[in-house]
Amino acid sequence: MSAPTEPAAEGAAATTGRLYPDCDPYGVEDRLTEAEKAPLRRLRRVLEDEVRPLLAEYWEAGEFPYQIVPSLHALDLMTPPELTAGGAQPRSLYHGFRIFELARTDASIATFYTAQAGLFRTACRVGGTPEQFAQWDPRITSFEMTGVFCLTEPEHGSDIAGGLATTARREGDEWVLHGAKRWIGGAVTADLLAVFARDEADGQVKGFLVDRQAPGVRLEKITGKTSLRMMQNADIHLDGARVPEPMRLGNVNSFKDVAAMLRAMRSDVAWIATGVQAGAYEAALAYVREREQFGRPIGSFQLVQEKLARMLGNVTASLSMVAGLAERQQDGVYRDEDSALAKMWISLHMRETVALARELVGGNGITLAHDVARFHADAEAVYSYEGTHEINALVVGRSLTGRSAFA
């Protein structure tokens, strides 16, 4: 796929060559190469020109703007030509900044794209055999084959490791699945559902790619949400859904194999939480530069500047943490406690950052007109998914003390 024409830089970035001059004062982005920045700039142009104008309308309606999907696919962000020449693979740091760029625009957009590029692709890469992944990955990166990650259940979230209740029974060359999954983002349009179920024969967790339209599969959109309203989350009901043996993820033979996926993917959520902070901070900063009270811009007031400084501190620390984590993972170091610490700490400070942004924008902070309200509400979902604060804290505590505090 050919690369789109490189857009000209604008504003501060045109002068400094920087992508994030307002929210990255210590230049964490400078760890990226110019080749890595090129697809991010193309993504920025699509997000600003085609995505951002739609966000308030679709967030309020609780619908996803599917008309943007072809433009996102065409960017070839998973395998950009600048980074894959000669069989090379993009670095983890590029993948992280790709998520950051999406999330600083909107958390639902980042979650939607990462469902394919992160969750589903990781399920196939880590859970599939090398032969399966070699067959599937070109179709995944081109979006010819789309999928979602289905682990959480109506009655099991934090305790899913031991409580997973969806079952699988082998009958000849097929597997028969019964159970339910909940909160599965993007399921209503995906081709395949990466479902994790407990094998009735040995009690171990297995993974399956289930055709969304197969008999015995029923999906219901979850409505009434106050966070991530654009993201189409679903309840999935499996009533005798059949999966052929070649569509079983060949490397998933216990929950430990699922945990290996989560170990790799939890850092993606930390990047989303960092991007949400940056988006809220930048929206608040733009507002206080223009909004006047008492005859002058409120950005000139001491208490406003103090809040901005706290927000920037949170964004800067978060960005430094996820960048360091990405570099360790690039070196092959994947530890539960590293990704859990990043997700726990950054999500906690994300809550503070978006709350400060809402304070700065005052009454206008509860309207969609200035973006802050959207970031403020969406942060609550990001705070909880891919492990609550408490669960991630216990993962870190276990590594520190050598003792598990899980019930």
Would the number of heavy atoms belonging to other residues, nucleotides or ligands and lying under 6.0 Å from CD of Glu290 be above 12? no
We want to know whether His349 and Gln277 form a side-chain donor-acceptor pair, criterion being a heavy-atom distance below 3.5 angstrom. no
Please tell me whether Glu50 and Ser71 have a donor and an acceptor in their side chains that are separated by less than 3.5 angstrom. yes
Please find the pair of heavy atoms, one from Cys150 and one from Leu193, that lie closest to each other, and give the distance. SG-CB, 3.8 Å
Within a reach of under 6.0 Å around CD of Glu155, are more than 12 heavy atoms found that belong to other residues, nucleotides or ligands? no
Consider side-chain hydrogen bond (donor to acceptor under 3.5 Å, both in side chains). Of Asn233, Thr111, Thr152, which one does Tyr385 pass it with? Thr111
Counting neighbours of CD on Glu60 that are heavy atoms of other residues, nucleotides or ligands and sit closer than 6.0 Å, is the number greater than 12? no
Taking Leu285 as the fixed residue, which of Leu360, Leu312, Leu308 is the one that meets the side-chain contact (heavy atoms from CB on, under 4.5 Å) rule? Leu308
With the threshold set at 4.0 Å, does a side-chain nitrogen-carboxylate oxygen contact exist between Asp30 and Arg18? yes
Between Lys37 and Glu82, does any NZ, NE, NH1 or NH2 come within less than 4.0 Å of an OD or OE carboxylate oxygen? no
N-O pairing of Glu101 and Arg104 below 4.0 Å: yes
Between the side chains of Arg289 and Asp22, is the shortest nitrogen-to-carboxylate-oxygen separation below 4.0 Å, so that they form an ion pair? yes
Salt bridge present between Glu36 and Arg91 (N-O < 4.0 angstrom): yes
For the rings on Phe208 and Trp175, is their centre-to-centre separation under 6.0 Å? yes
Are Glu380 and Arg351 close enough for a salt bridge, meaning some N to O gap below 4.0 Å? yes
For a quick test of reading the model, state the closest non-hydrogen atom pair linking Leu151 to Ile184 and the distance between them. N-CD1, 4.2 Å
Does any donor atom in the side chain of Asp378 or Trp59 lie under 3.5 Å from an acceptor atom in the other side chain? yes
Taking atom CG as the centre, does Asp173 end up with more than 12 heavy-atom neighbours from other residues, nucleotides or ligands that are less than 6.0 angstrom away? no
Just checking Tyr113 against Phe143, ring centres under 6.0 Å apart? yes
Can Arg374 and Asp371 be counted as an ion pair, charged N to O under 4.0 angstrom? yes
Regarding Asn251 and Thr129, is there a side-chain donor-to-acceptor distance under 3.5 Å anywhere? no
Ionic contact status for Lys181 with Glu153, cut-off 4.0 Å: yes
Can you name the nearest heavy-atom pair linking Arg358 to Ile366, along with the distance? NH1-CG2, 3.8 Å
May I ask you to decide if Asp338's main-chain N or O and Lys343's side chain share a donor-acceptor pair within less than 3.5 Å? no
Does Leu348 reach the side chain of His389, with side-chain heavy atoms less than 4.5 Å apart? yes
